[in-house]
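Note that these values count all heavy atoms, side chains included, but never hydrogens, waters or copies made by symmetry. Proteins come first, then strands; the chains are lettered A, B, ... in the order of their sequence lines, and each starts at number 1.
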Amino acid sequence: MAKIINVIKGTKDILPQDIEQWHRLEEKALEVFSKYGYKEIRTPIFEATELFARGVGDTTDIVNKEMYTFEKSERSLTLRPENTAGVVRSYIENGMSRLSAPVKLWYKGPMFRYERPQAGRQRQFHQVGVEMFGIKQPTADAEVILLAVNYLKSLGLNDLEVEINSLGCPKCREEYKRKIKEVLKPEFENLCEDCQNRYEKNPLRLLDCKVESCKAIFEKPEIQKVIQSDFICEECAAHYKELKSYLDKLEVPYVENKLLVRGLDYYNRTVFEIKSNNLGSQNAVCGGGRYDSLVRNLGGEDTPAVGWAMGMERLNSLLPEIEPKKLKAYIVSNYPTEAFSLAEEIRSFGFDVEFDLANKKFTKQLEKASKVAEYAVILGEDEIKNNEVSVKNLATSNQVTIKRNELKSHLL
RNA sequence: GCGCCUGUCGUCAAGCGGUUAAGACCUCGGAUUGUGGUUCCGAUAUGCAUGGGUUCGAAUCCCAUCAGGCGCCCCA
């Protein structure tokens, strides 16, 4: 036998027995997002590398070490590691800024990141997400969070924790970074290697370091004072406060987490995550926030925006297994020609039906029927002669013989 | 990219240096030539992720590679 070829590390087949879960995620997305006026958009799976370098940010891990990049015709192309940059590119390119704001878009599809696979983390994974353009008021942030929570509820996931934070605007954030660096300066030598790197590159990400010695440093009162201080400017604070008031009135439960810092460079003001305790260490199902400068950075007009993405594999692992759907009927017959036309007739009624293409023995066919179908429709010599069928309810064992033209109403 | 753990049939597994490589489920066939889901019989790994090594002898010990899991990093 020839050598078998395996799936690539970090990728997975989505098998027929799991597909109904995926359909459910996708159907609910369409249903729930439509209620809020979101339209689906599908952007290409690969884009110019520069889009992600400029969009996601070249200090991020995603861009620095996790992208699948390749050359073709002297162009550098990259498999999308996330979809916000692509959607923004499309928004600009297709002149959507001329549409009446807000422009509300949603997407689903595969993303690619070169990371070490583990539970809840694959190299090809799927996200479903929304992006809203053109509204700077915190009503947009609130709607987007509400939408996320309601989507999760529609899937039966009620007990997830929403965490929110405000990163401020570029101006107040710079000030905050400066203060953090200042207060940590005497401790610089005691920080772990990663934190020493982050000190220059992205001081905000120092804060949720998991290394015990760093944690201990951050516990010091003078450092806590800076971390806990409300560094954000008045405008940003008002924006954040208004968002919280909407969430309160909408009875969306949330907790504030001052250490919540999304790893993508484009976020400002509102950031949020939705977490589960049942996912192991990769515990975030949803992450998002506001990105008011991204559209401009990618060459569009100054346009405020908010959005989020959810990991569909992670959602699936939280959902209960779905029983596989049974066929409406399975035809039991040793007359293939007759079975073919009967099957077509039942399909024309709108029902799922199969029969035994291998024409096995009657008992085998009935056994198969009992496993896969609600009804066995028996078509033997007598039935054919009399233009009848016998219909057996496989759950109750009740069987009746009826005229062919009564079959549709009987199955209904 | 780093650290630790794991890898036996389609699936779940026993075996821990000498066995004919248990067992269960699934699948297929038969008991049962038009009445299933129960039951009973039978079939299915010259093979133990892959490649080397140690040994008289390896699924069992060692090394490498590949894959999976957990943690770190980061993120959905």
Side-chain angles (χ1 to χ4, degrees), chain A residues 3-12 15 17 25 56 59-66 81-84 108-129 148 160 192-195 197-198 202 205 208-212 214 260-264 267 271-276 279-288 307-318 326 330 332-335 358 360-373 375-384 390-399 401:
Chain A
K3 190 178 184 302
I4 63 167
I5 297 166
N6 303 108
V7 276
I8 300 302
K9 179 177 181 147
T11 69
K12 277 201 169 98
L15 297 168
Q17 60 265 34
L25 288 184
V56 180
T59 69
T60 61
D61 283 359
I62 290 179
V63 169
N64 278 319
K65 45 187 201 194
E66 296 176 4
E82 53 94 57
N83 207 182
T84 297
K108 61 167 197 274
M111 309 295 160
F112 306 84
R113 291 182 200 172
Y114 188 81
E115 291 185 273
R116 177 85 184 257
Q118 56 177 271
R121 173 188 291 168
Q122 292 168 208
R123 289 182 174 177
Q124 178 179 162
F125 63 103
H126 297 77
Q127 288 188 331
V128 56
L160 300 175
C192 71
E193 201 183 322
D194 286 328
C195 281
N197 285 327
R198 285 187 282 239
N202 194 344
R205 262 194 276 166
D208 57 356
C209 183
K210 309 291 189 302
V211 176
E212 288 302 325
C214 291
L260 181 63
V261 177
R262 315 242 67 253
L264 308 167
Y267 288 114
V271 289
F272 57 92
E273 275 187 11
I274 302 179
K275 293 179 178 174
S276 164
L279 278 175
S281 72
Q282 310 307 321
N283 63 352
V285 259
C286 175
W308 51 253
M310 294 193 193
M312 296 176 82
E313 282 81 1
R314 291 185 191 176
L315 283 177
N316 265 332
S317 69
L318 292 174
K326 287 201 162 182
Y330 192 87
V332 175
S333 173
N334 290 111
Y335 301 87
K360 280 191 252 196
K361 281 194 257 183
F362 186 89
T363 47
K364 289 292 172 194
Q365 291 192 26
L366 195 61
E367 188 182 341
K368 169 89 173 179
S370 71
K371 284 177 187 163
V372 302
Y375 293 94
V377 176
I378 298 163
L379 184 65
E381 197 180 348
D382 293 346
E383 285 92 348
I384 291 170
S390 297
V391 180
K392 179 164 190 163
N393 182 324
L394 291 160
T396 63
S397 293
N398 285 339
Q399 182 172 329
T401 300

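The line from NZ of Lys12(A) to CD of Gln122(A) is 4.5 Å long, rounded to the nearest 0.5 Å. Separation of atoms CD (Gln124(A)) and CD (Glu313(A)) is listed at 8.5 Å; rounding is to 0.5 Å. Between the CD atom in Gln127(A) and the NZ atom in Lys108(A) there is a gap of 14.0 Å [rounded to 0.5 Å].
Glycosidic conformation of rG69(B): anti, with the torsion beyond 90° of 0.
Checked by atom type, the side-chain pair Thr401(A)/Glu383(A) shows no donor-acceptor distance below 3.5 Å.
The residue Gln122(A) sits close to a base: some heavy atom pair falls under 4.0 Å. At the heavy-atom level, Leu394(A) lies under 4.0 Å from base atoms of the strands shown. At a threshold of 4.0 angstrom between heavy atoms, the contacts of Ala369(A) with the nucleic acid are absent. Across all strands shown, Ala395(A) has heavy atoms under 4.0 Å from base atoms, whether or not it also approaches the sugar-phosphate. Within the nucleic acid shown, Glu115(A) comes within 4.0 Å of at least one base atom, counting heavy atoms only.
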Quick tally for nucleotides 27-35 of chain B: nucleotides whose base has a protein heavy atom under 4.0 Å get B, sugar-phosphate-only ones S, the rest -, giving S-SSS--BB
Report, as a single string ordered 5' to 3', how protein heavy atoms within less than 4.0 Å touch nucleotides 64-70 of chain B: B base, S sugar-phosphate only, - not at all.
---SSBS
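At whole-Å resolution of the value, CD in Glu66(A) and C1' in rA76(B) are 12 Å apart. Rounded to whole Å, the distance from CG on Leu25(A) to C1' on rA76(B) is 13 Å. In this structure, the NZ atom of Lys65(A) is 15 Å from the P atom of rC72(B), given to the nearest Å. Here rA76(B) presents its C1' atom at 9 Å from CD of Glu273(A), a figure rounded to the nearest Å. One atom, CG of Leu260(A), and another, C1' of rC75(B), lie 12 Å apart when rounded to the nearest Å. Counting to the nearest Å, the C1' atom of rC75(B) and the CE atom of Met312(A) are 17 Å from each other. In this structure, Arg113(A) atom CZ and rA76(B) atom P are separated by 5 Å, rounded to whole Å. When the C1' atom of rG10(B) is taken as reference, atom CD of Gln17(A) falls 11 Å away, rounded to whole Å.
Remark: the separation of the P atoms in rU32(B) and rC41(B) is 15 Å, to the nearest Å. If you take atom P in rU19(B) and the same atom in rG30(B), they sit 37 Å apart, rounded to whole Å. The C1' atoms of rG23(B) and rC63(B) are separated by 33 Å, rounded to the nearest whole Å. Comparing the P positions of rU44(B) and rA22(B) gives a spacing of 11 Å, expressed to the nearest Å. Nucleotides rG68(B) and rA49(B) have their P atoms positioned 16 Å apart, rounded to a whole Å. If you take atom C1' in rU55(B) and the same atom in rC61(B), they sit 9 Å apart, rounded to whole Å. With P as the reference atom, rA58(B) and rC48(B) are 12 Å apart, rounded to whole Å. For the P atoms, the distance linking rC9(B) with rA14(B) amounts to 12 Å, nearest Å.
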Derivation of the side-chain contact (heavy atoms from CB on, under 4.5 Å) call for Leu318(A) and Val285(A):
CA-CA 9 Å; Leu318(A) 292 174; Val285(A) 259; 3.7 Å; yes
Mind running side-chain contact (heavy atoms from CB on, under 4.5 Å) on Gln365(A) and Asn334(A) for me, showing each step along the way?
CA-CA 9 Å; Gln365(A) 291 192 26; Asn334(A) 290 111; 3.5 Å; yes
The test is side-chain contact (heavy atoms from CB on, under 4.5 Å); show your working for Tyr330(A) and Ser370(A) and say whether it passes.
CA-CA 8 Å; Tyr330(A) 192 87; Ser370(A) 71; over 6 Å; no
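Base pairing of rG37(B): no nucleotide in any strand meets the Watson-Crick or G-U wobble criterion (both distances under 3.5 Å). Across all strands shown, rC2(B) is found opposite rG71(B) as a Watson-Crick or G-U wobble partner, with both distances under 3.5 Å. The nucleotide rA45(B) finds no pairing partner, because no Watson-Crick or G-U wobble arrangement with both distances shorter than 3.5 Å includes it. Judged by Watson-Crick or G-U wobble contacts below 3.5 Å, the nucleotide rA59(B) has no partner. Base pairing annotation: rU54(B) forms no Watson-Crick or G-U wobble pair, as no partner gives both donor-acceptor distances under 3.5 Å. Under the Watson-Crick and G-U wobble criteria, each requiring two contacts below 3.5 Å, nucleotide rA24(B) is paired to rU11(B).
With a 6.0 Å radius and a threshold of 12 heavy atoms from other residues, nucleotides or ligands, Ile8(A) has its CD1 atom at or below the threshold. Summarising the local packing, CD of Gln399(A) is surrounded by more than 12 heavy atoms from other residues, nucleotides or ligands at distances under 6.0 Å. Within a 6.0 Å sphere centred on NZ of Lys368(A), other residues, nucleotides and ligands contribute 12 heavy atoms or fewer.
Within the 3.5 Å criterion, the main-chain N or O of Ile62(A) finds no donor-acceptor partner in the side chain of Arg113(A).
Residue-to-nucleotide proximity on RNA chain B shows that, of Asn283(A) and Tyr114(A), the 5′-proximal contact is made by Tyr114(A).
Looking at residues two or more places apart in sequence or on another chain, you find a side chain to side chain contact (heavy atoms under 4.5 Å, CB included) between Lys9(A) and Pro117(A), Arg123(A).
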